[in-house]
Amino acid sequence: MGKHTLPEDFFFGAAMSGPQTEGAWRSGGKIENLWDTWSNEDLGDFYNRVGSYAGNDFMARYREDLALMASLGLTTYRTSIQWSRLLTAEGEINPEGAAWYHELFRASREAGLECFVNLYHFDMPTFLFRRGGWERREVVEAYAHYAELAFREFGQEVRYWFTFNEPTVEPEQRYQEGVWYPKLHDFGRARTVQYHISLAHALGVAAFRRAQAAGEVRADAKIGLINAFTPTYTREDPTPADLEAVRMIGGINNRWWLDLITAGHLPEDVVDTLGARGVNLPVRPDDDAILAEGVVDWLGCNYYHPTRVQAPASDRDEYGLPRFADEYIWPEARMNESRGWEIYPQGLYDFGIDVRDNYPGLEWFVSESGMGVMDEYKHRGEDGRIEDPYRVDFVRDHLVSVSEAIAAGSPCRGYHYWGLIDNWSWSNAFKNRYGFVEVDLMDGYRRRLKRSADWLAEVTRTHVLD
Ligand code: BG6
């Protein structure tokens, strides 16, 4: 019949993060993180000068938001604990911060929602950044300590833990592409950061296993990693040099993490090529044993767009650093013009098949997928609701791809929509709106369902897509 459905036990949920929703940036004992610091130093870098301060007002409205999620038929959601809220600068639990998360987890249970908890979402405490951030081992150790305290504090309440969200992004945005504070262009430093985050992840998993063995974490709890996967493609008739570009870009962004979480090591071919090009990782003698602990119970895949590459015109970039690929512009690409990202639902199917074939036994779920649209208020209908059929098409097409991957034998367990309730998108602030639920900034952060929410509620009820 050509009907696409999702399994009965397939879960639907929402994805969000502490720094993008909570607000209350300097109350309750919260210390500064890099987003607060960047906002304070250069508010003009943020769209419409909206900095990190208020999130989407979640700390004031969490009960309403949880009820909204449940009313749309969601059973799970993910947020993150903010390191800068849970711990003091002395590395001790901040009681007010801990009380907030206890309350959030309690309210989630009461609303019938399972809360997935991530420990790090690009939100480095500023004092640690000043000591070198992810370029320093000391900060890797500090993360391990933070993770240990979080497992101990919430171990009886939380079932689904994640060490990091998108560990590919900070190296790239902060250290390589010069987009986020401190806006560096240094491929080598970016790889050092990536390597140290890998160690921090592995130490986090090790701390989880220890806490579980000691009974501090529930016996039925699982630990995972959430990463942004960008299936990497090249032109139809590739040269060997194009394929080499795919190997390195796919290797740095995707295989690096997939190998770490399934086999407990980094892809040798990638590390070797980096070394041959003068990019040496700050490896210490015991690191192999640390990385070996990085194997997880399952994986979250954030998928927004593919990466299309070709052989680079020059093997050095404008800063004199190694360059492994140029962008390949696929003539047939369909774009989300607001965000500048290609819309390619098949990437999710291809990811599922990659997992099935190359990482057998690895369970996964779509931990983020979403469409951000600029000036969405212009789509407001007569009854005040935003008319967003493009969002329905986007999500349906991606879910169809997931259902086809499952039918082909890929163990995908669920789908979390990113930004179910409009939230603060880093330096883009509230420019591109992702939500099925509008946050009206002109009306005190008031929540209002967009039209697409009706469709979502129907799909979560029936699991039928077309
Ligand atoms: C992911 C992040 O990269 O994509 C989120 O985990 C982010 O934090 C989301 O908000 C959407 O990207 P953006 O830049 O449009 O907010």
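Just follow the structure's listing: the first ligand is 1, and inside any ligand the first atom is 1. All of these numbers come straight from a predicted model, not from anything done at the bench. We number each residue from 1, following the sequence as shown.
In terms of protein heavy atoms, atom 2 (C) of ligand 1 is closest to Glu368 OE1, 3.4 Å. Closest to atom 13 (P) of ligand 1, if we only count protein heavy atoms, is Tyr434 OH, 3.4 Å. Nearest protein heavy-atom contact of atom 5 (C) of ligand 1 is Trp418 CZ2, 3.5 Å. The closest protein non-hydrogen atom to atom 9 (C) of ligand 1 is Tyr304 OH, 3.4 Å. In terms of protein heavy-atom proximity, atom 14 (O) of ligand 1 is nearest to Arg339 NH2, 2.8 Å.
Distances between N or O atoms of Trp341 and those of ligand 1 include no value under 3.5 Å. Residue contacts with ligand 1: Asn428 is placed with no nitrogen or oxygen under 3.5 Å of a nitrogen or oxygen of the ligand (distance criterion only). Below 3.5 Å of separation, one finds an N or O of Ser425 facing an N or O of ligand 1.
For ligand 1, the atoms lying closer than 4.0 Å to a non-hydrogen atom of Glu166 are 1 (C), 2 (C), 3 (O), 6 (O). Ligand 1 places these atoms under 4.0 Å from at least one heavy atom of His121: 2 (C), 5 (C), 6 (O), 8 (O). Distances below 4.0 Å separate heavy atoms of Gln20 from the following atoms of ligand 1: 5 (C), 8 (O), 10 (O).
Contact check on Asp440 versus Arg448 returns a salt bridge, with a Lys/Arg side-chain nitrogen under 4.0 Å from an Asp/Glu carboxylate oxygen. A salt bridge is absent between Lys450 and Glu438; no separation between the charged side-chain nitrogens and carboxylate oxygens falls under 4.0 Å. A salt bridge is absent between Asp388 and Arg433; no separation between the charged side-chain nitrogens and carboxylate oxygens falls under 4.0 Å. The residues Arg209 and Asp297 are annotated as salt-bridged, a charged nitrogen and a carboxylate oxygen being separated by less than 4.0 angstrom.
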If you look only at distance, which donor and acceptor atoms sit under 3.5 Å apart when one is on a side chain in residues 423-430 and the other is two or more places apart or in another chain?
| from | atom 1 | to | atom 2 | distance (Å) |
| --- | --- | --- | --- | --- |
| Trp424 | NE1 | Val50 | O | 3.1 |
| Trp424 | NE1 | Gly51 | O | 3.0 |

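Contact check for Gln194 versus Trp134: no side-chain heavy atoms found under the 4.5 Å cut-off.
Other residues, nucleotides and ligands place more than 12 heavy atoms under 6.0 Å from the CZ atom of Arg137.
Ser367 and Asn302 are linked by a side-chain donor-acceptor pair at a separation below 3.5 angstrom, with hydrogens and angles left out of the test.
Only side-chain heavy atoms of Asn165 come within less than 4.0 Å of ligand 1; its backbone N, CA, C and O stay farther off.
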